[in-house]
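Every chain is numbered from 1 and lettered A, B, ... according to where its sequence line falls, protein lines coming before strand lines.
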Amino acid sequence: MLTLAAIKENPEDIVRRLARKQFDGKEMIAKIIELDKTRRASQAELDSSLSQLKTLSSQIGILIRNGEKSKAEEAKSSVASLKEKCASLEESMKGAEKEITELLLNIPNTPCDLVPDGTSAADNLVVKEGGRIPDLCDDALPHWELARKYDLIDFELGVKITGAGFPVYKGKGARLQRALIDFFLDNAREAGYLEIQPPYVVNAASGYGTGQLPDKEGQMYHCNEDDFYLIPTAEVPVTNLYRDVILQESELPIKNTAYSACFRREAGSYGKDVRGLNRLHQFDKVEIVRIEKPENSYAALDEMIAYVQTLVDKLELPWHILRLCGGDMSFTSAITYDFEVFSAAQKRWLEVSSVSNFESYQANRLKCRYRGEDKKTRLVHTLNGSALALPRIVAALLENNQTPEGIRIPAALVPYTRFDIID
RNA sequence: GGAGAGAUGGCAGAGUGGUCGAUUGCGGCGGUCUUGAAAACCGUUGUACCGCAAGGUACCGGGGGUUCGAAUCCCUCUCUCUCCGCCA
């Protein structure tokens, strides 16, 4: 969530920035500033009343010890009204505090200056592109046909044992999955990321820490019995490793990577978007997460983008990078770059990675700080990115590399698949 | 699933109603000594909020209660550990 300090420093600027994210925060910001005044006034008075109360109480203790019973009783009665006052002041303080938090939780992050204006995906900016779009013959098959033809993925079987969006991978299809995961993790390690194996199920506190809650409550699978959530991305458990942590400056930057299965309810999706591997309820992804000093976070973001680019290049896929416009960004992000690869038979771009800087927005919820040279604690900046999500990579690999002889595997991946063609 | 024990500062571990935000040890930081280091010794060392400051307040797993006063007593929830059972 946004920091109260930032809001108080320049509320007009915050409102203006939120508007770029198609969010009207005028009233909420004004309300927060008003509540903050109430809170501070209440605390000041409460603190001094509590101080009096403490003094009186210790005096009573002394009186009782000295056997001055009547004086003690007298003092006791004078405490009563003070206590009532404290109770109401505390109520006012805590009430204001709670309301402030409630409001803050429901205000998205502000976009940074680089973010282009716009209201939808159509306004996203293509900032870079690479690779070559293959010329496929007219009878080229979409990946779901190829998956059936070579018996790589069985969507119907997934429907039988679970439901739509839970495919079953078989044979070389399954081996391709495993190879890609290994390939991505190896590359991340070589780029300096520490591999983490996190739980796939988290508690509500973790959901709030990274901002899935309360914003995306309905998008996560929930285990009622234990009040756990299935992770929609490894970002959640990995970033939450640093919840309520004060890091030493020397520990930064932190670079973590994790493979996990990801679970998303994807309520409200339909049509061609969900065909084949385009959108699943369960999918595999390797994530990279960084914890940075604020002054370094944008350099780190650039480094992450450059890193993801090496992956799509090694996989010989045609790609481009979008800088998302204000209206298309996620709730918690200050800036997001999406990588899309071209799926040549479907003739459409598919998002395979999303790299974001959250600045201090997540850190503020997580209470993840670092101690600088001056011994003061400051919020860190958090960043993460997919590196990469598997299903759409597989879709593009299958479609783009189809030949009459079979599906060719890019050279960089062959050491991992240990086969160079699917036939 | 059954039975029991426990949750205190970075860690270990005291504290069972009144100067306890908390003894002590380890670790960390600063210093003395030393050519340097180690050892020894001395000092220092939680977080957040309010306040221009002086200073004040809150926090001993979470929530509630008793009391003039709670880390300490009561209730409740959560979590952890041990033993038994079951089991990849």
Side-chain angles (χ1 to χ4, degrees), chain A residues 1-9 32-105 197 199-209 213 222-229 237 240-252 254 261 291 360 363-380:
Chain A
M1 54 190 182
L2 296 176
T3 63
L4 196 52
I7 289 172
K8 280 159 72 176
E9 194 179 77
I32 285 171
I33 287 171
E34 186 194 316
L35 284 164
D36 179 59
K37 280 183 189 154
T38 308
R39 206 206 95 243
R40 275 154 56 210
S42 301
Q43 189 187 334
E45 210 180 333
L46 175 63
D47 282 358
S48 77
S49 300
L50 282 172
S51 181
Q52 287 176 46
L53 204 58
K54 272 171 88 165
T55 311
L56 272 173
S57 288
S58 65
Q59 279 169 0
I60 290 169
I62 293 165
L63 287 172
I64 290 173
R65 217 171 305 137
N66 294 346
E68 300 183 70
K69 255 190 170 170
S70 60
K71 277 191 178 174
E73 288 306 317
E74 207 175 294
K76 276 190 197 180
S77 62
S78 73
V79 154
S81 66
L82 202 51
K83 276 184 74 178
E84 257 173 60
K85 187 179 169 191
C86 285
S88 88
L89 283 167
E90 191 176 340
E91 200 183 335
S92 146
M93 183 183 86
K94 287 201 171 159
E97 210 164 59
K98 198 179 158 205
E99 269 191 80
I100 290 171
T101 306
E102 202 70 27
L103 285 164
L104 285 175
L105 281 175
Q197 268 200 27
Y200 291 180
V201 170
V202 295
N203 55 32
S206 293
Y208 278 100
L213 294 174
H222 181 248
C223 313
N224 287 318
E225 197 76 9
D226 298 296
D227 196 19
F228 289 150
Y229 293 86
N240 272 282
L241 297 177
Y242 306 97
R243 170 153 51 87
D244 294 319
V245 168
I246 298 176
L247 296 156
Q248 294 303 316
E249 193 169 2
S250 60
E251 293 176 82
L252 298 174
I254 286 172
I291 313 277
S360 62
N364 192 30
R365 289 195 189 189
L366 289 163
K367 292 206 209 53
C368 179
R369 293 153 288 173
Y370 77 99
R371 199 183 301 282
E373 272 178 47
D374 57 2
K375 308 284 181 210
K376 286 208 176 111
T377 61
R378 277 187 204 82
L379 291 172
V380 298

- Residues passing the side-chain contact (heavy atoms from CB on, under 4.5 Å) test with A:Ala41, sequence neighbours excluded, are none
Suppose you measure atom [atom1] in [N] against the same atom in [M]; what distance do you get, rounded to whole Å?
| N | M | atom1 | result |
| --- | --- | --- | --- |
| B:U72 | B:G21 | P | 14 Å |
| B:A39 | B:C50 | C1' | 46 Å |
| B:G6 | B:A12 | C1' | 16 Å |
| B:G69 | B:C73 | C1' | 13 Å |
| B:C52 | B:G25 | P | 39 Å |
| B:G61 | B:C49 | P | 22 Å |
| B:G30 | B:U82 | P | 39 Å |

Tell me whether the OP1 or OP2 atom of [N] has a side-chain N or O from [X] closer than 4.0 Å.
| X | N | result |
| --- | --- | --- |
| A:Ser51 | B:U57 | yes |
| A:Arg65 | B:G18 | no |
| A:Thr377 | B:A48 | yes |
| A:Arg39 | B:C50 | yes |
| A:Lys367 | B:U47 | no |
| A:Arg369 | B:U47 | no |

Roughly how many Å is it from [atom1] in [X] to [atom2] in [N], rounded to a whole number?
| X | N | atom1 | atom2 | answer |
| --- | --- | --- | --- | --- |
| A:Arg40 | B:C50 | CZ | P | 7 Å |
| A:Tyr370 | B:U47 | OH | P | 15 Å |
| A:Asp244 | B:G9 | CG | P | 13 Å |

Would you confirm whether [X], through its side chain, and [Y], through its main-chain N or O, come within 3.5 Å as a donor-acceptor pair?
| X | Y | result |
| --- | --- | --- |
| A:Ser49 | A:Glu45 | yes |
| A:Asp374 | A:Lys376 | yes |
| A:Arg365 | A:Tyr208 | yes |

[N] pairs with which nucleotide, Watson-Crick or G-U wobble, both distances below 3.5 Å?
| N | result |
| --- | --- |
| B:C68 | B:G18 |
| B:G4 | B:C81 |
| B:G30 | B:C42 |
| B:U23 | none |
| B:C49 | B:G56 |

Of the candidate nucleotides [options], which contains the atom at the shortest distance from the side chain of [X]?
| X | options | answer |
| --- | --- | --- |
| A:Ile64 | B:G56, B:C68, B:A58 | B:C68 |
| A:Lys54 | B:A58, B:C50, B:C68 | B:A58 |
| A:Ala44 | B:G69, B:G46, B:C50 | B:C50 |
| A:Gln43 | B:G69, B:A58, B:G56 | B:G56 |

- When A:Ile246 and A:Ile60 are each assigned the nearest nucleotide of RNA chain B, the 5'-most assignment goes to A:Ile246
- Query: Between A:Leu46 and A:Lys83, who's closer to the 5' end of RNA chain B by nearest nucleotide?
  - Reply: A:Leu46
- Query: Checking all strands, does A:Leu56 fall into the base, sugar-phosphate, or nothing category for heavy-atom contacts under 4.0 angstrom?
  - Reply: nothing
- Checking all strands, does A:Ala75 fall into the base, sugar-phosphate, or nothing category for heavy-atom contacts under 4.0 angstrom? nothing
- Hey, which of A:Leu366, A:Ile291, A:Val380 is the one that makes side-chain contact (heavy atoms from CB on, under 4.5 Å) with A:Tyr242? A:Ile291
- Message: Taking the basic N atoms (NZ, or NE/NH1/NH2) and the acidic carboxylate oxygens, is any pair closer than 4.0 Å for A:Lys71 and A:Glu74?
- Response: no
